[in-house]
Each structure stands twice: as C-alpha cells, then as structure tokens.
> 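Mind looking over this structure? Questions follow.
Chain letters run A, B, ... following the sequence lines, proteins first, then strands; residues in each count from 1.
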Amino acid sequence: MNKQLIYGLLLSVLMVIAPHVIHLPLWVSALSACLLAWPAYLAARGEPLPSHWLLIAISIAATGGILIEYHSLFGREAGVTLLIVLSTLKLMELKTKRDAMALIYLCCFIIITNFLYSQSLVTGLYMLACLLIISQVWVQLHMYPGPFKTRLKIACTLLLQAIPLTVILFVLFPRLPGPLWGLPQDAFSRSGLDDMMSPGSLGRLALSDAVAFRVAYPGPPPRRDQMYWRGPVLWNFDGRTWTQGKSVQIFSAQLSDTTQPISYNVTLEADNKIWLFALDMPDSLSIPYRRMNDAQLLNPEPVTTRLRYQARSYLSYHANLLESAAQLQRALQLPAGFNPKARRLAANWRANGSDSRIISSALGFFNRQNFHYTLDAPPLGLNGIDDFLFTTRAGFCEHYASGFVFLMRAAGIPARVVTGYQGGEYNAFGNYYIVRQSDAHAWAEVWLQDRGWLRIDPTAAIAPERVEQNLSAALPDNTVLPFMARNPPQWLRELSLNWDAISYQWNSFVIGYDNERQFAFMNRLGLASVRWQALSMMTGIALIIGLFALYMLRHLISLKQDKTQAAWLKFCRKLARSGLPRLPYEGPQAYAIRVCIARPDLAVSIKTIANRYIALRYGIPQPENTQRDFLQLVAQFRSSAN
Amino acid sequence: MRSALKLRLSKWLFRPKIEHGSIVLTQRRIFILPTRQGLALVLLLIVMLLGDINYSLSLGYMLTFLLAMMSVLSMLHAFRNLAQLEISAGRVEPVFSGETARFLLHFNSKIPRYQLVLQGRDSVCFDLPAGRNSEIIYPALATKRGRLSAGRLTLYTEFPLGLFHAWCYLHFDTWALIYPNPCASAPLPIGETPDSTGKRSVTGDDDFAGLRNYVSGDALPRIAWKAYARGHALQVKQFATQLGEEIVLRLTDAPEPGLEGKLSRMTRWVLDAERQGLRYGLNLPDSELNAGNGTAHRDECLRRLALYGLSDASPNPP
C-alpha cells in the first residue's frame with residue numbers, strides 16, 4: 001500500500017479519535033497513540049506490517065482491558081472505546097483496498113460517536129474538516145497517485161455538492177421520535193441538581209460553567225430577586241442529607257389568589273434528570289409533564305436531549321392553602337436526638353411568639369451573628385446543624401437552607417428545602433438569559449395558615465448580593481470560581497455572550513430540530529402530510545442533482561449544434577438514403593468526389609454544396625448570406641431527382 | 001435455474017455488437033451498478049440512521065445525509081468519467097504466435113478522466129488528460145496463428161469513491177495478424193530445389209562480388225554500413241552465389257508431420273532466407289508467390305503462412 005495513503009488514513013483516524021481523548025481512560029489513549037505511531041514508523045522505514053498473531057494478541061488484551069474497565073463491551077463508553085481500539089488496530093493490517101475502505105467506514109462511524117458527547121457548532125465544523133480529510137483519502141484510494149491538489153479538489157466538489165442536498169434532507173426527512181430502544185444507562189450523564197442535598201453538593205455545582213438552561217421572555221422579564229427556578233423539593237432529613245422522601249399524594253397542588261402571570265420559553269440542556277425547571281410558582285407547561293403536590297414539574301422520562309418548552313408562572317400566589325395533615329406532618333419530621341443547641345434555640349423562639357416572629361428571628365439570627373457566605377465551608381461533625389449555626393458559621397446556600405428549615409421544624413413550623421437555580425445572566429445579543437450550573441441554589445419554604453407555602457431565602461439575609469446580582473458579588477474576591485461566574489473584562493464577556501448567542505441559535509434551530517419542531521415547521525410551510533413532505537424532499541433532491549448533472553456534463557453535451565454542421569449532416573443523410581452513406585474516414589472533399597462519380601446527374605449541386613460547406617466551416621469568415629444560401633441549397637437538394 | 005436465466009439475460013442484454021470506426025459513449029452504452037463496497041456503505045448508513053433516531057443526534061443526521069448524498073453524487077461523477085468519451089481502434093502490428101499483440105486504441109476526451117480500466121483477459125489502467133488524443137495499448141497474448149481479435153473489452157471505472165461500477169463494452173472489428181511461431185533454427189532447403197543450378201553449400205553464399213547502389217526494398221543486412229559510415233552513398237553488398245539464385249519454399253519440403261509444424265518450419269525458412277538476402281518464393285497448395293526479396297515480400301509470405309488454410313470468417317477471439 002502506498003505510503004502517502006497510509007499517512008492519509010493515519011491522519012483521518014487521529015483526527016476522529018482526538019476529541020475522545022478527554023473521556024477515554026488513560027491507558028486506552030496511550031495504547032491508541034502507540035498503535036498510531038507504530039504503522040507510521042513502519043511506513044516511514046518501509047518495513048512490513050507486524051504479524052497477524054501479534055495483532056490478535058493485542059486485540060484480545062485490549063478487549064479484556066475494556067471489559068475490566070467498564071464491566072461490559074456494550075453501552076456508550078465501552079462501545080466507543082472498543083471502536084477506537086479497533087480502528088487503530090485496523091491500521092496495522094492495511095493490505096488491500098478493502099481494508100482501507102473498512103477503515104474509512106470506521107472513521108465515519110467514529111465521527112458519529114463524537115456527537116454523543118458534543119453537538120456544538122465547533123464540533124460540527126471540526127467534524128466537517130475530518131470528513132473532508134477522509135474523503136480526500138477515499139478519493140486517493142480510487143485514483144492513481146495523482147497530485148494532492150486534484151484529489152482535494154474532487155473531494156471538495158463532492159462535499160460541497162452534497163451540502164445543499166443534505167440541507168433539504170435535514171429539513172424534510174421525516175423524523176421519528178426517539179428512542180427506538182432503551183438507551184444505555186450511561187448514554188447521557190451530565191451534572192445537574194439531584195434528588196438529594198448534603199453539605200457541599202451545591203458548592204460542587206457552583207464550580208461548573210455548564211449551561212443548565214436558557215430562558216427567553218417575550219415580555220418584560222421579572223425582577224432578578226424573583227427569578228427562582230424551582231427544581232427538586234426535599235422533605236426528609238437524616239441529620240446530614242436532605243432527600244425527597246415518600247410523597248403522600250392526597251391533594252393535588254392548588255394555586256389561589258394568583259397575580260403577575262408571566263410566560264417564557266425555556267431551552268433545557270440534557271441532564272439525564274427528570275426535573276423541568278420553571279419560575280416559582282409554575283402554572284403550566286407546553287409539553288407533557290407531571291406535577292407533584294409540592295409543585296415539582298417532572299418529565300415522563302429523563303431528559304436526554306435538549307428540550308424546549310413554553311411555561312407560564314405566577315410570581316405572586318398562595319400555594320396549597322389546604323395542605324393535608326399528613327404532608328404537614330412530613331414537613332415537621334426531624335431525626336431524633338441530634339443538634340440539641342439548635343432545638344433549644346428554636347424552642348426559645350416558639351415560646352416567645354407567633355410564626356412570623358419566629359421567621360424574622362431566624363433570619364435576624366443569620367444576619368446578625370457574623371455568618372460567612374463561602375464556597376469552602378469547613379467540615380461539619382455529627383451534630384452538623386449545631387456545628388454550622390454555632391461554631392463554623394460559614395457555608396454555601398445549602399447550609400443556610402438546611403439550617404433554616406431545621407430551625408423552623410424545631411420551632412413547629414412546617415418547612416421544606418427547595419433546590420433549583422436563582423438568577424441567570426442576560427445575553428443582550430440574543431435577548432435571553434443563560435442559567436448555568438453555577439447558578440444552582442437552595443432555599444426554604446414554610447407553610448403558614450392563610451398564606452400557604454411561602455418562599456424564604458435565608459441566603460438573601462446573609463448575602464443579598466447573591467440574589468440581587470450574582471455569585472461572584474456575594475463571594476469573597478479570592479474564591480476560585482468558574483470563568484463565567486467571575487467578572488471577566490468587558491470585551492471578553494461580550495465575546496463570550498456573542499458566542500453563546502450563536503450557540504443558542506445553533507442549538508434551537510439545528511440541534512433542537514426534532515420531530516415536533518419539524519411538524520410545526522411543515523405546518524407553517526403547508527406541507528402538513530408526511531406524503532407531501534416526502535414528495536417535496538424527493539423533488540428537491542432530484543432537481544438539484546439534475547442541475548449538478550447539467551453543470552458537470554456541460555462540456556460534453558453540446559445542446560446547441562452549429563447550423564452549418566447540422567445542414568451538412570442533413571445533406572449526408574439525404575445521400576445516404578439513396579445508398580451513398582459517408583464512410584467514417586471520408587472528409588467532405590473525398591466524399592463529394594466519390595458521390596459525384598456515382599451520381600454524375602447530381603455532380604453540380606453536390607460539388608457546390610461541398611465547396612460551400614468547406615468554405616464555411618474551414619475557410620476564412622464568410623459574409624452573412626453565404627450561410628443562408630448554403631442552408632437553402634441543402635434544403636432544396638433532392639437525391640432522388642432523377 | 002436462476003443463474004442460467006441470469007446468464008441468458010445478461011447474454012441478451014450485453015449481446016456483442018461488433019463496431020467499426022469510432023464510437024462515442026452515450027448514456028445508452030454506459031451501465032452503472034453499485035459495488036460490494038457501495039452496498040456495505042448502505043448498510044453502514046442504515047446503522048448510522050438508527051443511531052441518530054435513537055439518540056436524537058441532529059448532527060448525526062447531518063453526517064448520515066452528507067455521506068449518503070456524497071455517494072449518490074459519486075454515481076454522477078462515475079457516469080461523467082465515461083460519458084461522451086470518443087474511442088476508435090487503431091492499427092495493430094502483426095506479431096508471431098506466442099508473442100503479445102498490442103492493440104492500439106485512440107481515446108479523445110474533452111475533460112480529464114481518472115482511473116479508467118480497460119479489461120479483457122488482461123487489464124490496463126490509465127488516466128486521460130483533457131482535450132488531447134491519447135493512445136492506449138491493450139496487450140493480448142497471441143497463442144494461435146491467424147487473425148486475433150481483441151474481443152469484447154470492458155471499459156470500466158470506479159472513480160471517485162469506489163461505490164459504483166460504471167462500465168461499457170467495446171467490441172471493435174479490429175484484429176491482429178498472428179504469424180506462425182518460427183521453429184528453432186533449421187537449414188534452408190537449398191540444393192533440394194530443382195531450380196538450382198547444382199549443389200552448393202550455403203557457405204558459398206558469402207562470396208563477395210561487389211557493391212551496387214541501394215534500391216528501396218533491399219534487405220537491410222546487405223547494406224554496406226561501413227561504406228555508408230565512410231560517407232559513401234547507401235550501397236548494397238552483392239554476393240556471387242546470389243546472382244540468379246532463387247529458392248522456392250514448399251510446404252511439402254518441410255519434414256514435420258503436422259500442418260502447424262510445417263508452417264512453423266516454413267516461417268523459419270522465410271525469416272532465414274530474408275536475413276541471408278536470398279531471393280525466395282513461396283509454394284503453398286492453394287497459392288504461389290514468385291521469388292522476391294525485401295521486407296514487403298517477407299511480410300506477404302508470412303501473411304500467407306499465417307492465414308493458410310483458414311477461412312476468411314471471423315477472427316479468433318483471444
């Protein structure tokens with residue numbers, strides 16, 4: 001096999017597996033690098049490929065390694081790793097054209113596996129570049145070792161011609177709602193809020209720049225301190241960790257006295273979780289969902305693709321005024337025996353007065369007692385709440401929410417922890433808000449007679465900047481935060497927001513183009529039935545291919561024939577009919593001489609026509625009427641005149 | 001049963017049509033079918049599409065469609081690689097049986113074409129430049145004397161991606177003249193000829209008698225190259241024995257038992273007689289050639305030997 005071809009294939013494999021290195025186990029990356037370097041070295045030295053047995057041994061060892069690493073050969077991670085190892089091993093047994101074709105197909109397949117991890121615009125462009133390199137090698141495989149420029153030109157032509165056709169197919173190809181079979185558990189694992197909260201769990205999320213969702217408000221946006229995005233609601237406390245517990249579904253959620261309605265569009269990133277985030281207090285969503293008694297909105301299945309929905313909320317409301325006794329009982333449950341100091345404090349407040357007095361004393365306690373808002377909270381002991389409230393007095397929002405709800409419950413006020421996101425960053429270029437994982441937040445809800453569930457954010461009492469501005473304003477300057485949660489210079493921020501605006505468009509129009517959006521788009525185009533959709537797809541494809549064919553064959557098919565030539569051919573046909581066809585090797589002169597001898601009766605007109613033809617076609621430019629005369633002569637010529 | 005039907009169908013569909021002059025590959029002459037690798041790609045694309053649907057990969061859809069459309073377009077490119085190509089058969093030099101006949105084909109193309117393969121028993125692979133007449137030689141091994149036809153050749157291409165096999169058939173009425181294979185060296189039948197004036201040894205032929213001026217058709221070995229190199233005009237050496245010396249090569253004089261063996265011996269005689277500058281005639285049961293000398297005479301002799309006893313009907317397929 002040609003050395004240049006081997007290098008081309010090597011480059012293709014390298015390019016398609018490079019993005020995978022981030023999540024591959026180290027030993028697989030190292031093995032792949034070795035398996036890429038080895039054939040490159042052999043090709044450079046002109047040495048033969050290693051023996052078959054060695055390759056089999058390596059592949060068995062690698063498969064064993066993958067089996068140990070992932071406990072399976074299937075599923076996303078293991079499957080992708082197996083494919084990568086296979087492709088690098090295939091490089092070592094390139095013998096025939098068929099091997100090279102198999103490797104090219106493998107490369108194309110590995111490109112697709114990259115999209116399981118990222119479908120960003122950058123990934124898309126990078127993969128287009130990969131495809132160009134692959135098709136260049138592909139063309140080379142079926143060409144003489146011609147110049148690189150010619151090969152690249154042919155590959156480019158193919159790719160560029162395929163792009164308009166691809167756009168038509170992308171828009172019109174009938175989409176099926178996935179998935180066809182159960183997705184493996186590890187198909188989409190992303191970080192996000194969970195159904196439990198323990199000290200430090202939200203702090204970890206705060207270190208992530210990843211986008212949780214984006215929100216566009218068609219009307220004026222709410223105030224910043226009203227942007228509470230409701231997520232998992234946690235009821236059970238075991239002394240350290242808050243969990244959902246078992247819900248007692250007696251009453252469905254009720255909202256009353258609702259005012260300040262607001263509608264908005266949410267584009268939720270895939271997080272493999274079931275919560276659909278909406279502003280407090282959500283009323284309804286445009287997609288199918290399940291609403292829990294505590295106003296959690298749940299998707300029927302984990303969100304594995306970007307999801308768009310329209311939501312409606314009320315910023316002012318009374319929630320569950322008639323809460324069931326069982327639920328209120330749940331909202332008072334505390335693990336027995338722990339945190340005696342906090343219990344004593346709450347009992348003191350209880351003795352002193354009403355519910356609202358207790359709440360304000362609790363918030364005042366946080367406010368006055370020199371609490372710190374920090375990401376690196378010191379570790380807490382067995383009596384975690386006591387340690388936090390009376391000793392360390394430093395923590396992140398989950399510490400405050402947890403401490404506050406504990407105090408409430410200890411004082412006899414039903415309370416629960418609500419987690420979600422707070423705030424968001426406005427993107428002026430796309431006129432929407434970006435909510436990142438670093439905006440994750442936890443707050444409390446207490447149930448009061450005549451008021452229902454009331455949101456209280458103890459964090460706002462310690463660090464109002466967190467709620468009014470953002471995380472970096474609330475945290476000490478030396479805190480290590482993800483890039484976008486800090487305050488980067490203006491131009492960098494603008495650049496980044498610009499880029500996010502482009503990504504947002506990309507995500508909503510390209511990546512988010514699923515069967516529902518297609519259906520909506522087709523309705524707008526008036527192609528409501530799938531039959532029309534398929535028909536217009538076929539027509540479009542055929543039309544464009546036809547245009548390409550016309551363009552590509554334009555040098556070959558002369559649609560417009562020279563009039564002189566046409567007349568001459570007509571003359572020849574006339575003679576042929578009387579048994580004197582022009583022989584393939586005869587020029588006009590030789591033909592005329594032969595025909596004149598055979599048909600002396602026509603000699604004069606034949607000679608005239610032949611001479612005029614020769615003059616018109618091969619001579620100096622003739623006056624205009626010469627051609628007209630010639631055409632007329634041919635038209636009048638009769639071979640059967642005798 | 002099915003395969004027999006298929007064979008008959010393909011025989012009828014691709015029935016040979018022998019052509020002369022030049023042919024232009026119009027769309028009716030060009031056949032296109034996917035290759036094995038093309039079918040494999042279809043399989044791959046289906047798997048990819050299932051993956052796209054299952055994981056809702058928009059970019060995956062895009063890649064799948066891009067690959068599919070590239071392969072569809074590669075069919076167009078394969079067609080274009082053959083379309084409107086003008087081909088005519090050129091002359092073929094006669095060769096001896098056992099040698100390789102070189103069939104010359106003229107290709108005329110307006111656009112550059114890549115990786116065309118001309119396939120009969122052998123195959124030749126070539127590219128064509130744009131706007132030029134290119135000559136491609138198709139070699140065919142000659143195994144029998146007589147006329148050798150190139151037979152039906154297939155011109156195919158799998159350019160650019162190897163997914164489609166586009167082909168057409170070329171069956172020109174051109175043939176190569178194949179002389180009999182000359183046997184290993186054998187003495188000329190001199191002395192046994194009744195026309196000779198008595199017994200002479202072959203060595204006597206070398207008695208140098210003088211020089212005369214060159215006349216076109218003189219045997220090349222007889223030219224006095226040394227004199228020519230000295231600046232004299234082109235002259236021919238004359239030998240005493242040659243004057244008035246003629247031999248007639250008769251089929252019946254050849255000692256071999258079979259006809260082919262006899263013709264093989266005769267071929268050797270013709271070649272040797274020409275090399276030695278003798279005047280020689282040919283006597284075959286069905287034709288006779290007067291004594292003569294020179295390449296044209298030799299070629300005529302060889303032609304008669306090649307075609308002796310063969311009908312004028314169609315030339316041998318390779």
> Is it the backbone or the side chain of B/Leu163 that comes under 4.5 Å from a heavy atom of chain A, or both, or neither?
side chain
> Nearest 0.5 angstrom please: A/Tyr105 OH to B/Gln37 CD, how far?
6.0 Å
> Please name the pair of heavy atoms, one in A/His142 and one in B/Phe159, separated by the smallest distance, quoted to 0.1 Å.
O-CD1, 4.0 Å
> What part of A/Leu131 gets within 4.5 angstrom of chain B, counting heavy atoms only: side chain, backbone, both, or neither?
side chain
> First locate atom CE of B/Met69, then atom CZ of A/Phe548, and finally report the distance between them rounded to the nearest 0.5 Å.
11.5 Å
> Evaluate the criterion side chain to side chain contact (heavy atoms under 4.5 Å, CB included) for residue pair A/Ile154 and B/Tyr114; output intermediate values, then yes/no.
CA-CA 11 Å; A/Ile154 293 167; B/Tyr114 307 97; 4.0 Å; yes
> Given heavy-atom pairs under 4.5 angstrom as the criterion, report whether the side chain, backbone, both or neither of B/Ala40 touches chain A.
both
> Do you know the tightest heavy-atom contact between B/Ser58 and A/Arg175?
OG-NH1, 4.3 Å
> Give, as side chain, backbone, both or neither, the part of B/Val24 having an atom under 4.5 angstrom from any heavy atom of chain A.
neither
> Please give me the minimum heavy-atom distance between A/Ser135 and B/Met70, naming the atom from each residue.
CB-CE, 3.6 Å
> Return the set of residues passing side-chain hydrogen bond (donor to acceptor under 3.5 Å, both in side chains) with A/Gln518 (not counting sequence neighbours), or none when no residue passes.
none
> As an exercise, state the distance from CD1 of A/Ile112 to CG of B/Leu63, rounded to the nearest 0.5 Å.
5.0 Å
> Does any backbone or side-chain atom of A/Ile541 lie under 4.5 Å from a heavy atom of chain B? Answer side chain, backbone, both or neither.
side chain
> Would you say NZ of A/Lys149 has more than 12 non-hydrogen atoms from neighbouring residues, nucleotides or ligands within 6.0 angstrom?
no
> Considering non-hydrogen atoms only, spot the tightest contact between B/Met48 and A/Cys108 and give its length.
CE-O, 3.4 Å
> Quick one, A/Phe109 and B/Val47 - any side-chain contact, counting heavy atoms below 4.5 Å?
yes
> Side chain, backbone, both or neither: which part of A/Ile104 has an atom under 4.5 Å from a heavy atom of chain B?
neither
> How close do A/Met552 and B/Leu76 get, counting heavy atoms only, and between which atoms?
SD-CD2, 3.8 Å
> Between A/Leu169, A/Leu583, A/Thr123, A/Ile163, which shows the greatest number of heavy-atom pairs under 4.5 Å with chain B?
A/Leu169
> Can you tell me which portion of A/Thr113 sits under 4.5 Å from chain B's heavy atoms? Options are side chain, backbone, both or neither.
neither
> Verify side chain to side chain contact (heavy atoms under 4.5 Å, CB included) between B/Asp52 and A/Phe115, making sure each step is shown before the conclusion.
CA-CA 10 Å; B/Asp52 298 336; A/Phe115 297 145; over 6 Å; no
> Between A/Ile545, A/Leu141, A/Leu159, which has the largest tally of heavy atom pairs under 4.5 Å with chain B?
A/Leu159
> Please find the pair of heavy atoms, one from A/Leu158 and one from B/Ser74, that lie closest to each other, and give the distance.
CD2-N, 4.0 Å
> Are A/Phe173 and B/Phe65 close enough that their ring centers fall under 6.0 Å?
yes
> Would you mind checking which part of B/Leu41 comes under 4.5 Å of any heavy atom in chain A, side chain (CB onward), backbone (N, CA, C, O), both or neither?
both
> Is A/Met101 in contact with chain B via its backbone, its side chain, both, or neither, using a 4.5 Å heavy-atom distance?
side chain
> When rounded to the nearest 0.5 angstrom, what distance separates CG in A/Leu116 from CG in B/Leu59?
11.0 Å
> Set out, in order, the CA-CA distance, both residues' side-chain angles and the distance that settles side chain to side chain contact (heavy atoms under 4.5 Å, CB included) for A/Thr166 and B/Tyr61, then state yes or no.
CA-CA 9 Å; A/Thr166 304; B/Tyr61 276 110; over 6 Å; no
> Apply side chain to side chain contact (heavy atoms under 4.5 Å, CB included) to residues A/Gln119 and B/Met62 and explain how you reach the verdict.
CA-CA 11 Å; A/Gln119 294 198 77; B/Met62 206 118 54; over 6 Å; no
> Hey, what do you get for CE (A/Met143) to CG (B/Leu161), rounding to the nearest 0.5 Å?
11.5 Å
> Can you establish whether the number of heavy atoms outside B/Gln27 located under 6.0 Å from its atom CD is more than 12?
no
> How far does CD of B/Glu158 sit from NZ of A/Lys97, to the nearest 0.5 angstrom?
6.0 Å
